[in-house]
Amino acid sequence: MINEYLQPIFTNALTKLGITPDEPIVFEAPKIAEHGDASTNIAMKLAKTMRDNPRNIAEKIIANLEIDSHFIAAVESAGAGFINIRFANAFFQNAIAEFAQIGESFGKSNYGKGKSVNVEYVSVNPTGLLHLGHGRNACIGDTIANLYAAIGYDVTREYYFNNAGNQMNILAKSIYTRYRQQLDEPDYPFPEDGYHGDYVREIAAGLVSEVGSSLIAGTPEDLTKCRKFGEEWCFAKIKQTLERMNIHQDLYFNEDTLYSDGKIEQVIADFRKLGLAYEKESALWLAFSQLGLKDDRVIVKSSGEPTYRLPDIAYHREKFNRGYDLLVDVFGADHIATVPDVMAGLRALGYEPDKVKVLIHQFVTLTENGQQVKMSKRTGKNYTLDDLLDEVGEDVVRFFLIMRGISTHMEFDLGLAREQSDKNPVFYLQYAHARICSVFENAKEKGIYVSDKPDYSLLNHDTEINLIKSLNTFPDAVLASAMKFEPQILAENLRQLATDFHFFYHECRILQAEEELMQARLGLIRVVRFALYNGLSILGVKAPERM
RNA sequence: GCGCCCGUAGCUCAGUUGGACAGAGCAACAGCCUUCUAAGCUGUGGGCCACAGGUUCGAAUCCUGUCGGGCGUACCA
């Protein structure tokens, strides 16, 4: 809003000076309050082409500005050639009136109207339970999806899985072993590469009570039953955990359908047609070296099974063909190797990889008293996402897992999480929301009529103006958070908004104020509530009315 | 060896397309509740932004190299 207001005023001044800038003028909020509400470095940018020093240029620009002194209080040059702009209170009073009119959709936009995005996340194969790393993936993906929904995109949330691969067979064998151990043979040997997790015992116990000893022979059909039972059990658990975190995906895409629908064969045929696929040592290779990558890779093993690259390419092609404007993949750092291969493959098939945004998040290190806790599914000792949700609650987990940039290596200390969960910043935001609700509740009890059109020009207290400034940044933060694929930007903005609200709340009485002022303040905090509510909802966190 | 990510306050981390004296939370210390929720507010201390060069009006941010950590580098996914 500040940018929209200043842009024409400055462009006009430059035009008068005979300058047509090739890029829009950038206004930013100075870190230091004395530097005003907005600042531009345009004079410094022009210094080279104009062959003049930035201070002189700044003065010339300022002299040519046509300023409405009702809204702009001061414009001055400073420092190395910055132009600082300070708004009058009227500017912000005007702004809050606009925000109030927007009402409950404050912060949302129709930036992406008519455009569609597919966000693929979680995508864990049903061979075990979700752990903390999956949680980070899930929370990032879901928040990204929410962000794009908030800026007007048509969003599809997708979960990709494979219930046919080798890992599933290993799970089947592991289940069968536990089944036998529980049924008749306590020393039945456990497969070397099997899943050691306790949950496998649970699955086996479930199997025992469901089918008794009918699978004891261990025929291939019996193992298939073990696998099927395990798959369903794991999926139910995974979905249950996601449900707890308020995550609901629209589409579960089974890799298997790529085979049954001939999509895999089609990709192979197309690569052959392009002369990019060749046989060597009874495997099928793809000539990635002709696609700008270093080495050729196997896409179909000598056993006849494809490697992960092939279905990944076929799957992305499938998503492309569904016609989305944007495809987002959320992967953990361990899957980074697949990205260049898939992109190169897609490009060769005639698709535009720029439409795909791959978000690689780094790992979460789980520690307890300084010691690392392993989360692996295979080694057995596993601390699951459910365990964490039980300990600290859904809101803390969701907020914690997105409050840092996705590329940072997060450390999660269990002891600290237990001890500090009540100090988690998420409560700070929720508390601000609850406080506002409480004020309205009190107003209602006192029979106070709340006006829809209060006189916002009565808001002149520093903390009021400051709060409006803070609100002013919220819609931009939602947009920036989406465009940059960084949920953390929104989390940080909300924290600042809550700070500014708490400060205002401490300084200014609302219901005890004189009638007109009270109405203006109620109007103000109503907008703050919409911002907090919308922001928290995007982050998948509850906005309680009472705490 | 090569590729990606990271190294900022005691701890966990922010830091917009390079901008003005480097920020927040937690921890520590000192204050604020007969008044709309003290899960709050105010104040204090705390830094060779890993290290060394380079680019420029200006670098935590961009480039090169070094050191340290994470993840990859399969006919596993």
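Per chain, numbering begins at 1; letters A, B, ... match sequence-line order.
- Comparing B:C75, B:A24, B:G70 by their nearest atom to the side chain of A:Lys301 picks out B:C75.
- Closest of all the heavy-atom pairs between A:Asn125 and A:Asn162 is OD1-N, 2.8 Å.
- Between the side chain of A:Ser39 and the base of B:A20 there is at least one donor-acceptor pair of N/O atoms closer than 3.5 Å.
- Here A:Phe82 counts as stacked on B:A20: its ring centre is under 5.5 angstrom from the base ring centre and the planes meet at under 30°.
- Counting all heavy atoms, side chain and backbone alike, A:Arg529 lies closest to A:Cys437 at CD-SG, 3.7 Å.
- Using atom C1' as the reference point in both B:A30 and B:G46, the two lie 16 Å apart (nearest Å).
- Below the 3.5 angstrom threshold, one finds a donor paired with an acceptor across the side chain of A:Asn41 and the base of B:G19.
- Nearest nucleotide to the side chain of A:Ser407, out of B:U37, B:C36, B:C5: B:C5.
- Across the protein-nucleic acid pair, A:Asp193 atom CG and B:A77 atom P stand 14 Å apart, rounded to whole Å.
- Here the rule is side chain to side chain contact (heavy atoms under 4.5 Å, CB included) with A:Asn424, and of A:Asp395, A:Val396, A:Val397, A:Val392 only A:Val396 fits it.
- Pair assignment for B:A60 gives none, since no Watson-Crick or G-U wobble pairing has each distance under 3.5 Å.
- Rounded to whole Å, atom P of B:A74 lies 15 Å from atom NE2 of A:His335.
- When each of A:Val267, A:Val342, A:Asp312 is paired with A:Arg317, the side chain to side chain contact (heavy atoms under 4.5 Å, CB included) condition holds for A:Val267 and for no other.
- Taking atom C1' in both B:A60 and B:A14, the straight-line distance is 12 Å, to the nearest Å.
- Checked against B:G19, B:C5, B:A77, the side chain of A:Met44 finds its nearest nucleotide in B:G19.
- Base pairing analysis places B:A24 opposite B:U12; the two distances defining the Watson-Crick or G-U wobble pair are each below 3.5 Å.
- Straight-line distance from the CG atom of A:Leu293 to the P atom of B:C4: 13 Å, rounded to whole Å.
- When each of B:C21, B:U37, B:C71 is scored by its nearest atom to the side-chain atoms of A:Arg546, the top-ranked nucleotide is B:U37.
- Comparing atom distances between the A:Gln362 side chain and each of B:U12, B:G19, B:C5 picks out B:C5 as nearest.
- Salt bridge annotation for A:Lys319-A:Asp329: present, with a cationic side-chain nitrogen under 4.0 angstrom from a carboxylate oxygen.
- Nucleotide B:G31: paired with B:C41 (Watson-Crick or G-U wobble, both distances less than 3.5 Å).
- The interatomic distance linking A:Glu507 (CD) with B:U35 (C1') rounds to 14 Å, in whole Å.
- If you take atom C1' in B:C62 and the same atom in B:G15, they sit 16 Å apart, rounded to whole Å.
- Listed pair A:Lys31 / B:A20 meets the phosphate criterion, a side-chain N or O lying under 4.0 Å from OP1 or OP2.
- B:A20 has its base stacked against the ring of A:His35, the centroids being under 5.5 angstrom apart at an interplanar angle below 30°.
- Rounded to whole Å, the distance from CZ on A:Phe331 to P on B:A77 is 14 Å.
- To the nearest angstrom, C1' of B:G70 lies 12 Å from CZ of A:Arg136.
- Looking at A:Asp37 and A:Arg86, no side-chain N of the basic residue comes within less than 4.0 Å of a carboxylate O on the acidic one, giving no salt bridge.
- With both pairing distances under 3.5 Å, B:C67 is matched to B:G7 as a Watson-Crick or G-U wobble pair.
- The partner of B:G1, taking Watson-Crick or G-U wobble pairs whose two distances both stay under 3.5 Å, is B:U73.
- By the 4.0 Å N-to-carboxylate-O rule, A:Glu441 lies too far from A:Lys444 to be salt-bridged with it.
- Distance from the side chain of A:Ser438 is smallest to B:C36 among B:C36, B:G15, B:G25.
- In this structure, of B:G40, B:A14, B:C76, it is B:A14 that holds the atom nearest to the side chain of A:Thr408.
- In terms of polar N and O atoms assigned as donor or acceptor, the side chain of A:Gln488 never comes within less than 3.5 Å of the base of B:C13 in a complementary pairing.
- Anti is the glycosidic conformation of B:C32, whose angle departs from 0 by more than 90°.
- Out of B:G70, B:C36, B:G19, the shortest distance to the side chain of A:Asn442 is found at B:C36.
- In the set B:C4, B:C41, B:A77, B:C41 carries the atom at the smallest distance from any side-chain atom of A:His502.
- Remark: the separation of the C1' atoms in B:G18 and B:U37 is 44 Å, to the nearest Å.
- Counting atom types as modelled, A:Tyr308 pairs a side-chain N or O with a base atom of B:A77 as donor and acceptor under 3.5 Å.
- The NZ-C1' distance, from A:Lys294 to B:U73, rounds to 10 Å in whole Å.
- For the OP1/OP2 pair of B:A38 and a distance below 4.0 Å, the side-chain nitrogens and oxygens of A:Tyr428 include no atom meeting the criterion.
- Of the candidates B:U17, B:C13, B:G69, the closest approach to any side-chain atom of A:His409 belongs to B:G69.
- The environment of OH in A:Tyr111 is sparse: at most 12 heavy-atom neighbours from other residues, nucleotides or ligands sit within 6.0 Å.
- Pairing of B:G47, defined by two Watson-Crick or G-U wobble distances under 3.5 Å, is not identified with any nucleotide.
- With both ends at atom C1', the span from B:G45 to B:U64 equals 39 Å, rounded to whole Å.
- Side-chain atoms of A:Asp52 and A:Lys60, non-hydrogen and from C-beta on, do get closer than 4.5 Å to each other.
- Following rounding to the nearest Å, A:Leu258 (CG) and B:A77 (P) show an atom-to-atom distance of 14 Å.
- Here A:Arg435 reaches the OP1 or OP2 of B:A38: one of its side-chain N or O atoms lies under 4.0 Å away.
- Spacing between B:G47 and B:C32 at atom P, rounded to whole Å, works out to 29 Å.
- Comparing the P positions of B:C2 and B:U61 gives an interatomic distance of 23 Å, to the nearest angstrom.
- Remark: the A:Asp295 side chain and the B:A74 base include no donor-acceptor N/O pair separated by less than 3.5 Å.
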